[in-house]
Trainee: 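Submitted below is the structure of interest, expressed as structure tokens.
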4 protein chains.
Amino acid sequence: MPSSQPVSSQSTSSASKFDRSHDEIMKAAARLFRDKGYAASTLRDIAAAAGMKAGSLYYHFDSKEEILDAILDAGVRQVHDSVQAVIREGKEADRLAVVSAAARTHLTVLLARSEFTSVNMRILGLLPAEIRARHLPLRRAYTRLWEKLLRDAQRAGRLRADIEIKPLRRFLLAALNSTVEWFDPEREDVDAVAERCTGLILRGIAPD
Amino acid sequence: MPSSQPVSSQSTSSASKFDRSHDEIMKAAARLFRDKGYAASTLRDIAAAAGMKAGSLYYHFDSKEEILDAILDAGVRQVHDSVQAVIREGKEADRLAVVSAAARTHLTVLLARSEFTSVNMRILGLLPAEIRARHLPLRRAYTRLWEKLLRDAQRAGRLRADIEIKPLRRFLLAALNSTVEWFDPEREDVDAVAERCTGLILRGIAPD
Amino acid sequence: MPSSQPVSSQSTSSASKFDRSHDEIMKAAARLFRDKGYAASTLRDIAAAAGMKAGSLYYHFDSKEEILDAILDAGVRQVHDSVQAVIREGKEADRLAVVSAAARTHLTVLLARSEFTSVNMRILGLLPAEIRARHLPLRRAYTRLWEKLLRDAQRAGRLRADIEIKPLRRFLLAALNSTVEWFDPEREDVDAVAERCTGLILRGIAPD
Amino acid sequence: MPSSQPVSSQSTSSASKFDRSHDEIMKAAARLFRDKGYAASTLRDIAAAAGMKAGSLYYHFDSKEEILDAILDAGVRQVHDSVQAVIREGKEADRLAVVSAAARTHLTVLLARSEFTSVNMRILGLLPAEIRARHLPLRRAYTRLWEKLLRDAQRAGRLRADIEIKPLRRFLLAALNSTVEWFDPEREDVDAVAERCTGLILRGIAPD
DNA sequence: AATGAATGAGAGTTCATTCAT
DNA sequence: GATGAATGAACTCTCATTCAT
């Protein structure tokens, strides 16, 4: 049962000590989950990375799984909301340009803005079915957002007509998410990567 | 120190008892590692899936890590050799057609032929740096194979001239590998998927 | 790398909970190691004897071997310091009387005062060379203490002149240590045993 | 229930393959038990040292414990018989000289002639009470042999009158056995060691 | 709000033992 | 006579979790 406690992306100084620790834990856990996976990340690791001892985590979360839930939840919410905003803003624009903008946004949130979104993309598929199931509804909402976007583009004649939407959406998002595997924020620029990726997705590799 | 004991893809009845058990263990472990990750897969799980008890695994492997090493090694070797063969056969053919064929082969091995290749693609990035390092040389050989293939195509004018090879290779392989996340062998046809993927990669989603 | 945390011989009520448990574990382990050997003593045995569960030992020690190290270290330190004190006090006394007093002290520490010293004497020789090597320096310091003591006595003409020091020291200490094999604190008096032993060592069994 | 299969001290070429393997196992096991203790010596180690595989041991012995029993048994029997022979030969001789000869013989068997005797001296005290109990009768026979020898010497006025026999026997044998801890056959001569030891035991360390 | 100290379940691993070949 | 292959029990060790302080 993922809940939607608003995760303060930047722990403002006005936030309570509780909220700050809460965020610290989630960020620390997210980084570990993303880098080593859920099972391989111990609560002692997480606590240490958050500047406390393992037992203290239980003041903020009821279990390791609850930390994971909070992270997964926040991660999907963040891309979803960001991409939805872009789509809304693009109401009048060229449909293909919106697809392109949405892809760029997805990549930006994934690679630069949220430590939570990348956790989703990287480890959700490896988690126990039971946990995954809890997060399906939210994921579905996001995939439906994309399928609608793509269907609109196709209807507007801005997408190759012979492409089936659902498989396309799957491939498209998976391809975007796969950047997580090799992207290194210290060596690369998110915008440049986004530009390249969308370019490839729109026009492919073959010469015209 | 990954070694290259040839893993008999199908345990023939002629193989010794040792070889059959050895293969059974590797396959069982590969399936579990791919589905739940390395840390979350227990030796008891693996043994049960291979039809034996946990202690018996040690007659065949010295440690859990050694099982992993054998799997990762076999997985890379298999795609590498398959794709290399395709490239060799395509000596005279159109360079872009060879890229397309290589992609199809990569996908086929990944999704249908080898239980070991998919383990690589799915969990290598989550493994401890120390383990990952052991398998880097082999991975490098495979990525170099692709980069050469792509560079040749570009020189032949069969690839958009403005694309940088290394980032392209990264995105291309990651995109192909991402199919592992959603591909369901019981509901989909590998060839159809390969066709769609290569189509998208070659020409993109935008209408001409 | 044996360290020298002072082991409180009697866990005073003023000691912290940690220190009390730490000592309890060392004492329990020492008794078991001495009676059954290192390999035959399980962590469950030790934990039970110390009033806790196996896993809890790891809050106090990093491994079974570390417990052993701490015990061996404490054991040698205790005889060494006790005997050294006796030698210092005997500065002015008859050299042979000091040897005799040192032997008595060695026996007293070994049989009555320290649960750690007897572990050394009984199982050190059976431990893996690697472990033994770690404790050699400390052992050496103790044997040198005795050799100096004996040499001084010989120079003072209080020891048969034809005896070689090193072999004597070896035989002497081994003979004293061998009492551990049969001494039963419930049936015998340490002082009486010490008296008999030193008598035999000084004058032998033959009538004058 | 220790049995008395005659252990061929030197595997004569006339011995059957069975007997040779049987002896090989006992010797290999004895060396390991003496050097590392019973619990720390694995059947795989023993088998390897005897030139076979673990499972093969069961063709010769029913269990690890049975190997131990055979070794302990043979060890005591050997010193017992050797010392008894010396005593018999010394019927007419000076009682103290016989004690001295017995000690020399004990040391020779212990350090040079039998790989089985030293096992007894080194690890019997660490074994489970249940095993130890099985070998008590034989040990008793040996200690009684010595006590009689010493009592005779004392009655003949060749032993200090104020010495109690039983404690003396305990100390004497333990002291002799303690040589096992430091004796190195490659660096020392058994006879020389025996000479020194008996000298010390007879006359002590103090000058006359 | 956090920690020190402990726990119990289960992890990877070892090993005496078995048995078909 | 001996081995290859397996087993089950028990080992050392890890970890999520608890709770008094």
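Nothing here was measured: the structure is a model prediction, and the numbers come from that model. Lettering follows sequence order; numbering is per chain, from 1.
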Trainee: Regarding C:S56, tell me which of base, sugar-phosphate or nothing describes its non-hydrogen contacts under 4.0 Å with the strands shown.
Mentor: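 If one applies the 4.0 Å heavy-atom cut-off, C:S56 turns out to touch a base.
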Trainee: Tell me whether the side-chain N/O atoms of B:R44 come closer than 4.0 Å to OP1 or OP2 in E:dG10.
Mentor: no
Trainee: Measure CD1/B:I67 against C1'/E:dG12 and give the value in whole Å, please.
Mentor: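 Taking CD1 of B:I67 and C1' of E:dG12, I get 10 Å after rounding.
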Trainee: In whole angstroms, how far is the C1' atom of F:dA6 from the CZ atom of B:F61?
Mentor: 15 Å
Trainee: How do B:E65 and C:Y59 order along DNA chain E: which one's closest nucleotide is nearer the 5' end?
Mentor: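 Nearest nucleotide further toward 5': that of C:Y59.
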Trainee: Whole angstrom is fine here: how far is it from CE in C:M52 over to C1' in E:dG4?
Mentor: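 Atom-to-atom, C:M52 to E:dG4, this comes out as 12 Å.
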Trainee: Find the distance C:H60:NE2 to F:dT14:C1' and express it as a whole number of Å.
Mentor: 16 Å
Trainee: Below 4.0 angstrom, N of the basic side chain to O of the carboxylate: do D:D45 and D:K36 qualify?
Mentor: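 Salt bridge: yes.
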Trainee: In whole angstrom, give the distance that lies between atom OH of C:Y58 and atom P of F:dT12.
Mentor: 7 Å
Trainee: To the nearest angstrom, how far is D:K36 atom NZ from E:dC15 atom C1'?
Mentor: 13 Å
Trainee: So, is the end of the C:K64 side chain (NZ or CZ) under 6.0 Å from the ring centre of C:F33 and within 45° of the ring's axis?
Mentor: no
Trainee: Side chain of D:T42: nearest nucleotide among E:dC15, F:dC11, E:dG12?
Mentor: E:dC15
Trainee: Taking C-beta and beyond as the side chain, do D:T42 and D:L32 meet within less than 4.5 Å on heavy atoms?
Mentor: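 Contact flag for D:T42/D:L32 side chains = no.
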Trainee: Roughly, in whole Å, what's the span from CG in B:L57 to P in E:dC15?
Mentor: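 The answer, rounded to whole Å, is 17 Å.
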Trainee: Roughly how far, to the nearest 0.5 Å, is the CG atom of A:D35 from the CG atom of B:L127?
Mentor: 12.5 Å
Trainee: Map A:G51 and D:Y38 onto DNA chain E by nearest heavy atom, then report which one ends up closer to the 5' terminus.
Mentor: A:G51
Trainee: Are OP1 or OP2 of F:dA2 and a side-chain N or O of D:S21 less than 4.0 angstrom apart?
Mentor: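 Yes, because at least one side-chain N or O of D:S21 sits under 4.0 Å from OP1 or OP2 of F:dA2.
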Trainee: Among the candidates F:dA5, E:dA5, E:dA6, find the nucleotide nearest to the side-chain atoms of B:K17.
Mentor: F:dA5
Trainee: Under a 3.5 Å limit for both distances, which nucleotide forms a Watson-Crick or G-U wobble pair with E:dT21, could you say?
Mentor: F:dA2
Trainee: Going by an N to O cut-off under 4.0 Å, is there a salt bridge joining B:R134 and B:E65?
Mentor: yes
Trainee: Does E:dG12 have OP1 or OP2 under 4.0 Å away from a side-chain N or O of B:K64?
Mentor: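 B:K64 to E:dG12 OP1/OP2: side-chain N or O found under 4.0 Å.
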Trainee: State the pairing partner of E:dA1; accept Watson-Crick or G-U wobble contacts with both distances under 3.5 Å, and report none otherwise.
Mentor: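 Across all strands, not a single nucleotide pairs with E:dA1.
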Trainee: Using whole Å, what does the distance between atom P of nucleotide E:dT17 and atom NZ of D:K53 come to?
Mentor: 19 Å
